[in-house]
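Here is the structure we will look at, set down as structure tokens.
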Amino acid sequence: MNRQYNILGMTCSGCQKKISGQLNSIEGVTADVNLENNTVTVTSDNEIQLSVLNKALEEIGKYRLEEPNQPETTFVKPQDRVSPSSVYYCPMECEGDKVYFKQGERCPVCNMYLVPIEEKQAKDPNYKPAYSSTHLPENFKDSIGKYYCPMFCEGDKVYDEKGDCPVCHMHLEEITEDVVKNATSHNHQHSHHHETPKVTDDMAGKYYCPMYCEGDKTYDSNVGCPVCGMDLVKYPEKKTAKYTCPMHPEIIRDEPGDCPICGMDLVRMPDTGDDEEDETYHILKRKFIISLLFTVPVFILSMGGMLINFPFSHKIQGFIELALTLPVMFYSGWFLLKRGWVSFKTWNLNMFSLIALGVAAAFIFSITALAFPDIIPHEIRGHNHEIPLYFEAVCVILTLVILGQLMEAAAHKKTGNAIKELMNLSPDEANLIVNGEEKRVLLSQVKIGDFLKVKPGEKIPVDGKITEGNSLVDESMITGEPVPVEKNIDDKVSSGTINGNKVFIMKAEKVGDETLLSQIIKMVNEASRSRAPIQKLTDKVSKVFVPVVILIAVLTFILWQFFGPEGKRSLFAFVNAVAVLIVACPCALGLATPMSLMVGIGKGAKSGILIKNAEALEQMNKINVLITDKTGTLTEGKPSVEHIELSGNANREEILKIAFSLNQNSEHPLSNAVIKKAKEENLVPQKVDQFENVSGKGVQGNINGKMVYLGNESLITSHNMSVPDDLKQKAAEVQSKAHTISYIARDKSVLGFISFTDKIKETSRKAVQRLMNEGIDVIMMTGDNEHTAKAVADELGIKHYKAGCLPEDKLNEVKKLQQQGKIVAMTGDGINDSPALAQSDVGIAMGTGTDVAMESAEITLLKGDILGVAKAKLLSEKLLKNIKENLFFAFIYNVLGIPVAAGLLYPFFGILLSPMIAAAAMSVSSLSVILNSLRLNSVNLDTEIK
């Protein structure tokens, strides 16, 4: 039995895991759960009733299987599902039957996306929400002009005055005739599902949250995500062409045409300026510089008093420090405090929670001490009884964290570059044929059915088929194969590919978002968005550390309140509780990961490994599957002369010289391989007369009065010659090893053939064997034919390979393996690899490949050597270890300082926390992090990998 069912109620990868585990626990059943399509394929030896499967699922939640002929169609992400009634609920039912009224929001308890109430009603037909925007209480009809809570916290209760709900504190809304009327008509205004929004031109230049907290919502400016507080990322803007008159530069138009002054054709203006700079990086750089300028004098004022006697009182010094701290706190570091505030509101505690807590505590304590110095106990005052101020701690903490954020931003390339590179592959204009005349038009004006002229060297503007002429077309951006393909009448051509040496007319069949290039852009964009970022280790630590610190602060307050000195208990309790919060904030925490990352990235670069982000490094250490492209990754990526076979009394040098001479005039991609080989052997070409390029067959010409031929067997037979049987047999043997054959003949005799191949890199075999020895399953996927793929796989010892792969095939294979729980790395060098590179857990691009591939990947191997994958894995191990050590150093001194801050030493030695102790903890922890990070420079990847 092998059956496929639709799944109702599955909303996330956690559901997928639960359903898969439950079904696979049934004896004799194997279940493959597909989250993307919301389906499960059940395989069993005997017939299993659907009711049996559903009964098993009832034990783990409200999931149900249905036959595939049900009206349920494609899977729609939870945040994209629209409720006809505009009512949503949490699938985990965290707050019981509570409902919400905004699509795309998350549950405030479990943070899962809310889903339409209709999905709950599908599982339980008897369920009805108490009240909703389409099921209002009966008394509302008689309460026009009064107010109600949109969350129905108190059921059908209405309020006489406008204000806030006493339960949920939401603004009360007025009961109007439209509200009552809408309750009966609203059902007819929405469809049940809508498709996942495409990335369109409307999104260009707008911003989105990289965590997709509000789904596909975009913002007009980088205001920061209102949910998680992260910096927004900008969708790339495609540059639009401008046209001007050579004689009248003041004339500038958006479209080609004639100059209104002199009538000359307008010409395209050159692109001006560099690519858009990374806005986030420059904002952080500006904030860091400002923060540093104000922090240095605050630090000197605070610490310099031990060495210098300032010509003003300690109180005036405090006010100066306060004035210098304000720009650091409320301009440079304000975004960090906002992130911390959001993390507490949503209780998603992270590094910013800890920073905001410590900084706020230090600032409030310092303001209080400066304004009311008499309340500060003498036990925590300085040697001259000066009041303790922590303004320098506020400035130093914020400045160091901003520095960490700046280093992290500098280590990342802009996320939109891959899509920008892809968008710029398509030309801005096309040559439209109208009534037999050629007209230059914008690409957006081309429609399906239009006839277009494509000239030599131009990019093909849209997808279509050739209706007149023929040419060689470079399709390496789609197939990844280095040899251009000959295209004739009725052959398909794709947008973004490059025309070779001839002119042809084509008919547009797919334009705009429907072209293959647009589909690749969409796949890259969706793949890069679909993967949730790994939570940083600092955040994991903070999730535990922050509640513990708050608990210790509360306990400190309570204990001092009961056991503190008589008459000062409340004061000591407050001061020491705040001191715990101050000393617990590790200022080196913001440096721990970025500092290691910066040193590690530098170390990787010296070994030819460019690393884009820390997530790739964390995952690199866990990979168990490596999918690799063939061309340009395992092989050189360009054809070369592999072998020259002789027939009869032919001379090897003579054959190569004839081929060299003919190829001087040829534009065929194999000609470069022949020319390179001949030059290596110092041969001199002969003069060729009557040269002719025979389409689809080869080239021919006259050398010293004799006709010579170079091409395939069709060229030979068309001139009444035949290939000797022994030579033909040898050619078949060579072709079975994925070689391309070109015969050479003179007059009426065949002299031999030259075989071409894309050579395997010298390091590929060693790299593949090493990775397989480490337990990594190596899979080769190529756009080349079966014979070539098998020959390369056999030579390298690769057990699993697939031939004839398109970009979507590689992408789907990555998804399939990930659904099986595999950690997948993908190596590639072409545009055709970019969707799979973006989807994979770790994308690794060859530095010898395209810019698009490198932008889509997290790691780039500059030398184009797959042995770099093994080096990257080793660097990953070393770097992760170093980051964990840094986190230890960032926390340990502060952890040791917490007992002092809590007053644990006071009963024995009379010691309470002082600014000196806090400053020492910050300095030592920061120095330890920096020195430990620099230890990465001692790692020798080349030596350890051998």
Side-chain angles (χ1 to χ4, degrees), residues 294-295 297-306 309-330 333-334 337 340-341 355-398 549-550 552-585 897-898 900-906 910-919 921-922:
F294 284 97
T295 297
V298 172
F299 189 80
I300 292 173
L301 284 171
S302 176
M303 298 300 169
M306 294 181 290
N309 289 322
F310 294 114
F312 39 74
S313 68
H314 184 71
K315 187 170 185 177
I316 293 175
Q317 176 185 326
F319 281 107
I320 295 173
E321 289 182 20
L322 171 61
L324 293 170
T325 301
L326 293 177
V328 179
M329 178 96 168
F330 294 101
W334 186 245
L337 300 178
W341 170 247
I355 291 163
L357 189 66
V359 166
F363 186 76
I364 293 170
F365 178 87
S366 300
I367 290 285
T368 305
L370 193 61
F372 309 103
D374 295 337
I375 68 171
I376 303 301
H378 71 274
E379 287 86 351
I380 65 171
R381 290 174 177 254
H383 294 296
N384 299 319
H385 295 282
E386 64 270 13
I387 55 175
L389 301 176
Y390 291 94
F391 291 122
E392 91 288 346
V394 172
C395 292
V396 170
I397 289 170
L398 290 176
V549 167
I550 294 174
I552 292 174
V554 171
L555 289 174
T556 299
F557 184 88
I558 294 172
L559 290 173
W560 276 96
Q561 187 68 39
F562 282 100
F563 303 107
E566 287 290 338
K568 294 184 179 180
R569 287 179 178 176
S570 296
L571 180 62
F572 271 81
F574 171 74
V575 168
N576 288 311
V578 171
V580 169
L581 298 179
I582 293 172
V583 79
C585 179
I898 288 175
V900 179
L904 194 64
L905 300 181
Y906 183 76
I911 297 175
L912 290 177
L913 179 72
S914 72
M916 291 297 297
I917 295 175
M922 284 194 294

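Note that this is a predicted model, so its numbers are computed, not measured.
In terms of heavy-atom proximity, A553 sits nearest to A577 at O-CB, 3.5 Å. Smallest separation of non-hydrogen atoms from P327 and A323: CD-O, 3.2 Å. Considering every non-hydrogen atom in both L337 and M329, the closest pair reads CD1-CE, 3.8 Å. When all heavy atoms are compared, the tightest approach of F391 to G318 is CE1-O, 3.7 Å.
Here CD1 of I552 is found 13.5 Å from CG of N576. Values are rounded to the nearest 0.5 Å. We find the CG-CG distance between L301 and L324 to be 6.5 Å, quoted to the nearest 0.5 Å. Summarising the geometry, atom CG belonging to L389 is positioned 11.5 Å from atom CZ belonging to F363; distances are rounded to the nearest 0.5 Å. To the nearest 0.5 angstrom, I558 atom CD1 is 11.0 Å from F563 atom CZ. Rounded to the nearest 0.5 angstrom, I397 CD1 and E392 CD are separated by 9.0 Å. With rounding to the nearest 0.5 Å, the separation of CG in L398 from OG1 in T325 is 9.5 Å.
Within 6.0 Å of the CZ atom in F372, the count of heavy atoms belonging to other residues, nucleotides or ligands does not exceed 12.
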Worksheet item: Where do V396 and F299 land on the side chain to side chain contact (heavy atoms under 4.5 Å, CB included) test, with the steps shown first?
Response: CA-CA 8 Å; V396 170; F299 189 80; 4.0 Å; yes

Worksheet item: What do the steps show when you test I550 against L357 for side chain to side chain contact (heavy atoms under 4.5 Å, CB included), and what is the final call?
Response: CA-CA 9 Å; I550 294 174; L357 189 66; 4.0 Å; yes

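T295 places a side-chain heavy atom less than 4.5 Å from the side chain of V328.
Side-chain atoms of W560 come within 3.5 Å of backbone atoms of A902 as a donor-acceptor pair (strictly under, hydrogens ignored).
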